[in-house]
Amino acid sequence: MPYDEMISKLSNSTRPVLVLGETGTGKSFLAKKIHRNSSLATHRFIQLNINTINPNIFESEFFGHEKGAFSGAQNKKVGFAEAVGEGTLFLDEIGDLSLELQAKLLTLIDEKIYYSVGSCEEKKFKGRLIFATNKDLKKMVKEGKFREDLYFRLRYYLIKLEPIRFRKDKFQIILAEINNARIRFNNSTCRFSNTVIETLCNYAWPGNYRELKNTIDYFFELDQRAIATADMPAWLLDIHTSLNHSNGSLNFKEALECFESEYFQSLMRECSGSIQNSVQLSGISKVTVISKLK
């Protein structure tokens, strides 16, 4: 499904959305875009990273608490579930939520109700929930680390964001980010050499879009009219040197074998041994990849 069509479909619904993807693939960006394009756009968007909240006080932060509910609770507290109103509550890193809190979240999703800590009064949840994680929830379910029933509720709409290294349109993505930087820095004259562009396209981008944006920003902060090889940061210089390294003592066949050996070993390390991911990243058929590895 085309990206814009997907955004439109998700924005016209109030059902839960689960966004999967590595760090930096744009999960929070997607959640915000869904909210901005939905009927909830005039209401609040609250982003909550589960890793940033102490598990011991998470229930109080999320559901709120009553005055005197526990030691130190001197005043009543409104939790995120109430504060969001009819807006969108985005829970990032949902894979890190404890099993105990997963059960309470399940009730919130199923029945749209919750209880503040220290209260028996039923409260109605009026907003929409979007979840995200960089973890393999299916694997966690098998290992007993994530509730299966909750997983089924979260994935009503399941979106998986591909990392840059698997994108066939990597070149267009890089050019688009350069153009975005031209606007951010109000600089339409800076030009990138073909060598720099080629190196950017060959880089794996383990930090994905966040790393790409920071790298392009680095180039524009140099405030130069042209970006050449000498301007590349160390991590890009390393890959550029590797790609352009040649050993004159080898004949062509030996040099080709050496390159293939280094390439496929590097490929398997980057893809954590996954043949399928190696096929996607290299653009080579599965049969060829297996044959070269042998």
Inset, instruction - Report the distance from atom OG of Ser116 to atom CD of Glu59, rounding to the nearest 0.5 Å. - result: 9.5 Å

Legend entry - Check ion pair Asp149-Arg153 (N to O, under 4.0 angstrom): no

Inset, instruction - Take atom CD of Gln172 as the centre, draw a 6.0 Å sphere, and report whether it contains more than 12 heavy atoms from other residues, nucleotides or ligands. - result: yes

Legend entry - CD/Glu100: more than 12 non-hydrogen atoms of other groups inside 6.0 Å: no

Legend entry - Within 6.0 Å of NZ in Lys170, more than 12 heavy atoms from elsewhere: yes

Legend entry - Heavy atoms from other residues, nucleotides or ligands near NZ of Lys112 exceed 12 (cutoff 6.0 Å): yes

Legend entry - Reference residue Leu97; test side-chain contact (heavy atoms from CB on, under 4.5 Å); the match among Ile50, Leu91, Asn51: Ile50

Inset, instruction - Before accepting this row, confirm whether a basic side-chain N of the pair Glu177/Arg184 lies closer than 4.0 Å to the acidic partner's carboxylate O. - result: yes

Inset, instruction - Give, for atom CZ of Phe45 and atom NE2 of His35, the distance between the pair rounded to the nearest 0.5 Å. - result: 7.0 Å

Legend entry - Rounded distance (nearest 0.5 Å) linking atom CG of Asn37 with atom OG of Ser8: 8.0 Å

Legend entry - Candidate list Glu122, Lys104, Glu121, test side-chain contact (heavy atoms from CB on, under 4.5 Å), partner Tyr115, passing option: Glu122

Inset, instruction - Please determine which of His65, Lys77, Glu66 meets the side chain to side chain donor-acceptor pair (under 3.5 Å) test together with Ser60. - result: His65

Inset, instruction - Report yes or no: do Leu137 and Leu99 belong to one cluster of Ile/Leu/Val/Met/Phe/Trp/Tyr joined by side chain heavy-atom distances under 4.5 Å? - result: no

Legend entry - Test: Arg167 and Asp169 ion pair at under 4.0 Å: yes

Legend entry - Heavy-atom side-chain proximity of Ile34 to Ile130 below 4.5 angstrom: yes

Inset, instruction - Would you indicate whether the side-chain heavy atoms of Thr25 and Lys27 approach each other to under 4.5 Å? - result: yes

Inset, instruction - Determine whether Phe219 and Met232 make a side-chain contact, defined as any pair of heavy atoms from C-beta on separated by less than 4.5 Å. - result: yes

Inset, instruction - Kindly compute the distance separating OG1 (Thr199) from CZ (Phe192), expressed to the nearest 0.5 Å. - result: 12.0 Å

